[in-house]
Amino acid sequence: MTKIIDENGCIFGKLNLIDFFALIILLLVIAGTIYKFNSHCTNINGGAKIIEYQIKIQDVKKSSAKFYTNGLKISDSKTGNYLGTINKVDVSDYFDYVVDVNGVLHKAQKPDKIEILLNVKANAIETEQAYLVGGTYELKAGADIYITTKYADVIGTVEKIGD
Amino acid sequence: MSDKKFKFNAFDAIIIVIFVLILSAIGIKIYEKSSQSVNDTHKFSFTIEAKNLDQNFKDKISVGDKIRDSVHGFFYGHVSNLKVKPAQKIVENNTNGTYILADIPQKNDLEITVECKADVTDDAITIDGHHIRIGKLMSLKSKGYVVYGYIIDMEVE
């Protein structure tokens, strides 16, 4: 009976063990990559489309408002991937809740603090499970988003996607 | 002594090709990053707000002081302006459920403006390769002091 591994360390006398394990690892990596992209890419609109989404940045100093302008590009601060371009900026006073001695919550304006609402336009792929911008970034309303622009590095919240 | 000869087979060739492709991809990525850089060096200034400092601390800082990064040691520029304000803190007024700006006795907030040269591209402003952005916590030192504060303003000329 033919030995599976011969005296030279070759499987069935043909393929050496190290090559065999390297091939297995390579096949697993390829399979994993295909699986990951397939699970995101059941593309329901046949290609990328332009979407608009909103990012809310809260409790920042008033003086930072001038650094958010139309036309500014936004990137994911962790990966550097492009996430869209600002096409509208709304600035308003920031309010938070303060409790009084009777346990009643009051909505109170925080001095020198503002809230910034950014409207962002981006190319996205819409799948059954997510909106993907910048390749693999999943946009989810309610999720924190870590963004950088030329002038700022900030954490916001995705408020709304689409109309 | 073994007279086993090394045999180069098809699988070794595939592995080498993949290895070369990975190295090329890394090389391209590094090249793209470095070629994006340094289009322009501009005169630049940034202002940090150092909060809640002892009243006497302001006397240590003078316009013209040379400023370095206290963590990495590289040179930024010179102090071009110093603004001293009474230290204030946002606190809750629980009597009527509002926020107020309360003065902190015997403390100052300092706004320190540093004038320097920065590399400005479409994507970022950097000094000695370090990004400068609003809200970034800076740790600055000069001959006799170190000061911490967030960038609250900046200007490119």
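Hydrogens, waters and symmetry mates play no part in the numbers below; they use all other heavy atoms, side chains included. Chain letters run A, B, ... following the sequence lines, proteins first, then strands; residues in each count from 1. All figures in this text were calculated on a predicted structure; none of them were measured in a lab.
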Any chance [atom1] of [X] has more than 12 other-residue heavy atoms, nucleotides or ligands included, within less than 6.0 Å?
X	atom1	value
A:Q109	CD	yes
B:K66	NZ	no
A:K73	NZ	no
B:Y150	OH	no
A:K140	NZ	yes
A:K113	NZ	yes

Checklist line | Region of B:I18 in contact with chain A, defined by heavy-atom distances below 4.5 Å | finding: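 Looking at B:I18, just its side chain touches chain A.
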
Next item on the list: Under 4.5 Å heavy-atom distance to chain A, tell me which part of B:Q88 shows up: side chain, backbone, both or neither.
Entry: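 Neither part; nothing is under 4.5 Å.
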
Notebook entry, point to check: Top residue by heavy-atom pair count (under 4.5 Å) with chain B, among A:D112, A:V60, A:V101?
Noted result: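 When all of A:D112, A:V60, A:V101 are compared, A:V101 has the most.
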
Check: Using a cut-off of under 4.5 Å for heavy-atom pairs, which of A:D96, A:N102, A:L72 has the most such pairs with chain B?
Finding: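 Heavy-atom pairs under 4.5 Å are most numerous for A:D96.
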
Taking C-beta and beyond as the side chain, do [X] and [Y] meet within less than 4.5 Å on heavy atoms?
X	Y	value
A:D153	B:H131	no
A:H106	B:T98	no
B:E49	A:K61	yes
B:M154	A:F67	yes
B:D123	A:K150	no
A:S63	B:D153	no
A:K110	B:I90	yes

Are [X] and [Y] connected in the hydrophobic side-chain network, where two residues link if heavy atoms are under 4.5 Å apart?
X	Y	value
B:M138	B:L82	yes
B:I61	B:I152	no
B:I48	B:F57	yes
B:F75	B:F46	no
B:V156	A:Y68	yes

Select one option (side chain, backbone, both, neither) describing which atoms of [X] are under 4.5 Å from chain B's heavy atoms.
X	result
A:K107	neither
A:Y151	both
A:T149	backbone

Next item on the list: Check A:A108 against B:G97 and note the closest heavy-atom contact, atom names and distance.
Entry: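 That would be CB-O, 3.7 Å.
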
Notebook entry, point to check: Which atoms form the tightest heavy-atom contact between B:Y99 and A:Y97, and what is the distance?
Noted result: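 Result for this residue pair: OH-O, 3.9 Å.
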
Check: Any sub-3.5 Å donor-acceptor pair from B:N94's side-chain atoms to A:V99's backbone N or O?
Finding: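 The answer is yes, because a donor-acceptor pair under 3.5 Å joins these two groups.
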
